[in-house]
Amino acid sequence: MHFSFITVRFLFVMMPVVLSFGQLKAADWLSVADLRGSWAFTVGDDPAWADPKLETTGWDWVTVPGRWESNYPDYNGYAWYKKKFNLRVLPEKANIVLFLGYIDDVDEVFINGQRVGQTGKFFPYFETAHTVERRYVVPASLLKRTGNVIAVRVFDAAMDGGIVRAGNFGLFYDQEQNMLSVDLSGAWKFSTDNFGDMHSPGLNDASWKELFVPMTWENQGYADYDGVAWYRKRFIMPESLKGKELYLVMGKIDDLDQVYLNGTLIGRTEDMPQYSRFRRDMAFSLMRIYKIPVNLLRSKNLLSVEVTDHHGLGGIYEGPVGIVTRDAALKISDKHRAGSVGDWNFSFWDLLDLFD
């Protein structure tokens, strides 16, 4: 890579602008519904309680988030929460993320009668997930501007129970999705079994399970799974983008990834400048942005990702995820790189390497 003195001087002059982007928060979360406050609550368990038309007359009221022991001392077992809510805004196509904080021990969540996720395992295969933050992707198509109903089924085995604590709490929209020319979030094929040649476009993945991206696999039925897993998604390339300089944004992945487009490797964590120059144990916090070779894109494409998770949470867990132009890739890179002034030299050369 070669730069003239004028080019390098210009980039250094622009460095204060680059640093200012680093002070922005990583994701532009826009709150579309605050769910804190009073919820209808009852102990016991009945699948019919997920029905949004079911009235909660006779249920108690509890403050959420908060331990249910404040109202039901020493109670362990099943309970349900329900709440009606409206949205401040409703993006037409994008996914919305539901933050429910930490739930002790297991939960299953329904919005307008549709199941959107589960974390932990209920009996007879009980597995607690009280240390896992709940984040569920909610397709905008499930939501209405007014008259929505959320129902949360919870099982607590011992000690504290319920929706016990939270940071962000409610429904949020990541405005970075607006930068995507092709939005690749949503349902992906997923497997923890290796069938051989996992990145081949010819591999039959019809029987694979589907997981939402971005969301940890722990929030989708794979509690405490550590190891290797594969994601696959097919997409159609818009004619208007053909021939342009494009980048693939894969969001944040816990821990390591290898990304293939139509069977060809286009990027992996180990080759990212951040990984080789910064903190390798923080790979899960890196925003993945890979340049797309023009000759690889077709009308119909297969994107496949191999993820290795060493411990804790795993998977493609935070967005945005999709295809962007060079300008959008620069903006996203600026916002997600190391934010401290002491790391400015690392960030500067990182940008040069990525957009060579």
Side-chain angles (χ1 to χ4, degrees), residues 1-3 11 18 21-22 26 176 179-182 184 188 194 197-201 213-214 226-233 235 244-297 301-340 343-356:
M1 179 165 49
H2 301 284
F3 295 91
L11 286 169
V18 173
F21 277 104
E176 286 186 337
M179 298 185 190
L180 301 176
S181 297
V182 179
L184 296 176
W188 286 56
N194 189 342
D197 204 5
M198 296 291 279
H199 303 289
S200 170
V213 169
D226 297 323
V228 182
W230 291 265
Y231 293 82
R232 286 163 63 98
K233 188 176 184 71
F235 67 95
K244 292 187 177 181
E245 183 178 347
L246 299 173
Y247 294 80
L248 174 66
V249 180
M250 281 306 306
K252 295 182 180 181
I253 299 175
D254 198 339
D255 288 289
L256 307 177
D257 63 284
Q258 297 182 35
V259 180
Y260 291 74
L261 177 61
N262 297 322
T264 299
L265 179 68
I266 65 169
R268 61 177 189 163
T269 320
E270 291 88 343
D271 294 334
M272 296 179 69
Q274 300 101 313
Y275 184 78
S276 60
R277 297 173 184 166
F278 197 46
R279 294 185 54 182
R280 300 190 181 190
D281 61 320
M282 297 293 288
F284 67 88
S285 67
L286 299 177
M287 173 61 64
R288 271 60 167 187
I289 304 178
Y290 300 121
K291 189 171 183 178
I292 300 176
V294 176
N295 62 329
L296 283 184
L297 281 169
N301 300 275
L302 171 71
L303 189 62
S304 55
V305 184
E306 180 177 317
V307 175
T308 302
D309 176 45
H310 297 309
H311 56 82
L313 301 179
I316 307 170
Y317 70 92
E318 185 174 303
V321 177
I323 294 173
V324 298
T325 62
R326 183 179 186 276
D327 288 344
L330 276 167
K331 291 178 182 178
I332 294 172
S333 176
D334 282 345
K335 291 170 62 177
H336 287 272
R337 61 185 166 72
S340 64
D343 294 323
W344 70 269
N345 195 48
F346 151 76
S347 299
F348 169 72
W349 291 111
D350 172 40
L351 288 175
L352 298 188
D353 286 347
L354 177 60
F355 295 97
D356 179 17

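Values below: all heavy atoms of this structure, side chains included; hydrogens, waters and symmetry mates excluded. Throughout, residue positions are numbered sequentially from 1 according to the sequence presented. Keep in mind the model is a prediction, meaning the values are calculated, not measured.
- Here the shortest heavy-atom pairing between P320 and V249 reads O-CG1, 3.2 Å.
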Test side chain to side chain contact (heavy atoms under 4.5 Å, CB included) on I253 and T269 and set out the steps. CA-CA 9 Å; I253 299 175; T269 320; over 6 Å; no
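- A pairwise comparison of heavy atoms in P214 and Y317 identifies CB-C, 3.7 Å as the closest pair.
- With sequence neighbours excluded, the residues satisfying side-chain hydrogen bond (donor to acceptor under 3.5 Å, both in side chains) with Y260 are Q258.
- For the residue pair Y231 and G315, the shortest heavy atom distance occurs at OH-CA, 3.2 Å.
- Residues V259 and L248 form a side-chain contact, since some pair of their non-hydrogen atoms from C-beta on lies under 4.5 Å apart.
- Using a 4.5 Å heavy-atom threshold, the side chains of S285 and E318 count as separate.
- A heavy-atom distance below 4.5 Å is not found between the side chains of V213 and L184.
- Atoms CG and CG, on L246 and L296 in that order, are 12.0 Å from each other to the nearest 0.5 Å.
- One distance of note links CD of E176 with CD1 of I332; it measures 5.5 Å at 0.5 Å rounding.
- In this structure, the separation between CG on L297 and NZ on K244 is 13.0 Å, given to the nearest 0.5 Å.
- In this structure D255 satisfies the side-chain hydrogen bond (donor to acceptor under 3.5 Å, both in side chains) test with no other residue, sequence neighbours excluded.
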Could you tabulate the donor-acceptor pairs under 3.5 Å formed by side-chain atoms of residues 305-314, not counting sequence neighbours?
{"from": "E306", "atom 1": "OE1", "to": "H199", "atom 2": "NE2", "distance (Å)": "3.4"}
{"from": "E306", "atom 1": "OE1", "to": "W230", "atom 2": "NE1", "distance (Å)": "3.1"}

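- By the side-chain contact (heavy atoms from CB on, under 4.5 Å) test, P201 pairs with L302, sequence neighbours left out.
- Side-chain contact check for K252 versus F284: every heavy-atom pair is 4.5 Å or farther apart.
- Between atom CE of residue M272 and atom CD1 of residue I289 there is a gap of 7.0 Å, rounded to the nearest 0.5 Å.
- The shortest distance between side-chain heavy atoms of I323 and F235 falls below 4.5 Å.
- Put simply, the side chain of E245 reaches to within 4.5 Å of the side chain of K291, judged on heavy atoms.
- Take S181 and apply the side-chain contact (heavy atoms from CB on, under 4.5 Å) test, not counting sequence neighbours, and it matches L241, T325.
- Remark: D334 CG to M287 CE distance equals 12.5 Å, nearest 0.5 Å.
- Counting only heavy atoms from C-beta outward, the side chains of V228 and N194 never approach each other to under 4.5 Å.
- Applying the salt bridge (Lys or Arg N to Asp or Glu O under 4.0 Å) test to residues at least two apart or on different chains, the pairs with a partner in residues 257-268 are D257-R288, R268-D271.
- Contact of the V321 side chain with the W188 side chain is registered, since non-hydrogen atoms from C-beta on lie closer than 4.5 Å.
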